[in-house]
Protein chains: 2
Amino acid sequence: MLSKKTKYAFHALTYLGKHRDQKTVLIQDISEEYGISHKFLENILLELKKAGILGSKKGKGGGYYLIKEPKDVALSKVIRLLDGPIALLPCVSLNYYEPCVECKSEAACGLNKVMIQVRDEMLKVLENKTLADILDKE
Amino acid sequence: MLSKKTKYAFHALTYLGKHRDQKTVLIQDISEEYGISHKFLENILLELKKAGILGSKKGKGGGYYLIKEPKDVALSKVIRLLDGPIALLPCVSLNYYEPCVECKSEAACGLNKVMIQVRDEMLKVLENKTLADILDKE
DNA sequence: ATAAAACCTATAACAAAGATGGGGTAATTA
DNA sequence: TAATTACCCCATCTTTGTTATAGGTTTTAT
């Protein structure tokens, strides 16, 4: 399951996507829309900004806005950013790899090999579905 | 990511699958093979037994054994048993459904709709891959 | 100058996972 | 009868991760 952080990130991105006509959107607006703590959301939006998905403007009249096109924001990117690995085991993660301590030889581990296949199938979906798909269905 | 519990369950099932020629396998043997605490593994094997995947025999010469054919033990079954939901959000889980509190209308939620698609793609893989696939690669 | 708003860091609070240990009971074999 | 081994319930403890909050700073429009 995704963490709430990641779910909130998707909500925020959806909201920003729906309000692309206006220059900026306040944290406040998003936090009220979804009942998310203002401070909690602040951290999330900041991470999305650092990842180059959002832009922001300080001071009066400031706020957040989408930098990327919705079709260029893959679900996988958001998940990895806030939740970490997509793979089901650390030993098959592309971005957060760690060996399994109990495993004598990865090359001889059937579980490892099957989980690589599972990972690749998951990535086929999560890298191709984007924020645009979410917006299309709102 | 899968919990260690689930990973250990897969290890145990793999071990049992590789030793189907012998009548029973001791908890001890599996826990030593993978360096898993005996007590921790005990609980896992018990759950697998209650789910009808394993059988057991008490007393001297006792132990655990596979009841099901490896090809009939889907990854999804083991994951759901020990880890819970496969879906990425509670509101799209088939077996552990819960509504999202922040969501006014599920029908109008684009995130919900996309995550249903993701879930179905994941299930395509996890319901078709089985213990047999793991054993084939050992 | 003032108010608005994002930015930044730290940390508290809480929950879940992981691991361990005790103390048994029940079934089975030899 | 004795030894073996799964079964069961519990309690605890540590570690980890998630969720949330606090308090201050910097930037900007008016």
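Chain letters run A, B, ... following the sequence lines, proteins first, then strands; residues in each count from 1.
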Integer-rounded Å distance: C/dC8 P and A/I27 CD1: 12 Å
Measure NZ/A/K23 against P/C/dA5 and give the value in whole Å, please. 15 Å
A/Y34 OH to D/dT19 C1': how many Å, rounded? 20 Å
Can you tell me how far NZ of B/K77 sits from CG of B/D72, rounded to the nearest 0.5 angstrom? 9.5 Å
Without decimals, in angstroms, what is the distance between B/L46 CG and C/dA26 C1'? 13 Å
Quickly work out the B/E102 CD to D/dA20 P distance and round it to whole Å. 11 Å
Mapping A/K50 and B/I36 onto DNA chain C by nearest heavy atom, which one lands closer to the 5' end? A/K50
With the side chain of A/N43 defined as its heavy atoms from C-beta on, choose the nearest nucleotide among C/dA5, C/dT9, C/dA19. C/dT9
On DNA chain D, nearest-nucleotide positions of A/L2 versus A/G61: which is more 5'? A/L2
Give A/L45 one of three labels, base, sugar-phosphate or nothing, depending on what nucleic acid heavy atoms sit under 4.0 Å from its own. nothing
Between C/dA16 atom P and B/D83 atom CG, what is the distance in whole Å? 14 Å
Angle between ring planes, B/Y34 versus B/H11, binned at 30° and 60°: parallel, tilted or perpendicular? parallel
So, B/Q28 and B/E32: side-chain donor and acceptor under 3.5 Å apart, yes or no? yes
Identify whether the distance between the nearest side-chain nitrogen and carboxylate oxygen of B/K124 and B/E121 falls below 4.0 Å. yes
When you check the phosphate oxygens OP1 and OP2 of D/dT19, does a side-chain N or O of A/S37 lie under 4.0 Å from one of them? no
If you take atom types as modelled and just measure distance, does the side chain of B/K39 reach the base of C/dG22 with a donor-acceptor pair under 3.5 Å? yes
Give the nucleotide from the list C/dT28, D/dA29, C/dC7 with an atom nearest to the side chain of A/K58. C/dC7
Report the distance from atom NZ of A/K4 to atom C1' of D/dG17, rounded to the nearest whole Å. 14 Å
Answer yes if the side chains of B/S56 and B/K49 hold a donor-acceptor pair under 3.5 Å, and no otherwise. yes
For A/E42, answer base if it contacts any base atom (sugar-phosphate contacts may also be present), sugar-phosphate if it contacts only those atoms, and nothing otherwise; contact means non-hydrogen atoms under 4.0 Å. base
Nearest to the side chain of A/K60 - D/dA29, C/dA19, C/dC8? D/dA29
Under 4.0 Å between a side-chain N/O of B/Y65 and OP1 or OP2 of D/dA6, yes or no? no
Among D/dA6, C/dA6, D/dA20, the nucleotide that comes nearest once only the side chain of A/Y8 is considered: D/dA20
Tell me: CZ of A/F40 to C1' of C/dA12, nearest whole Å? 14 Å
For a quick test of reading the model: is some side-chain N or O of A/K57 closer than 4.0 Å to OP1 or OP2 of D/dT27? no
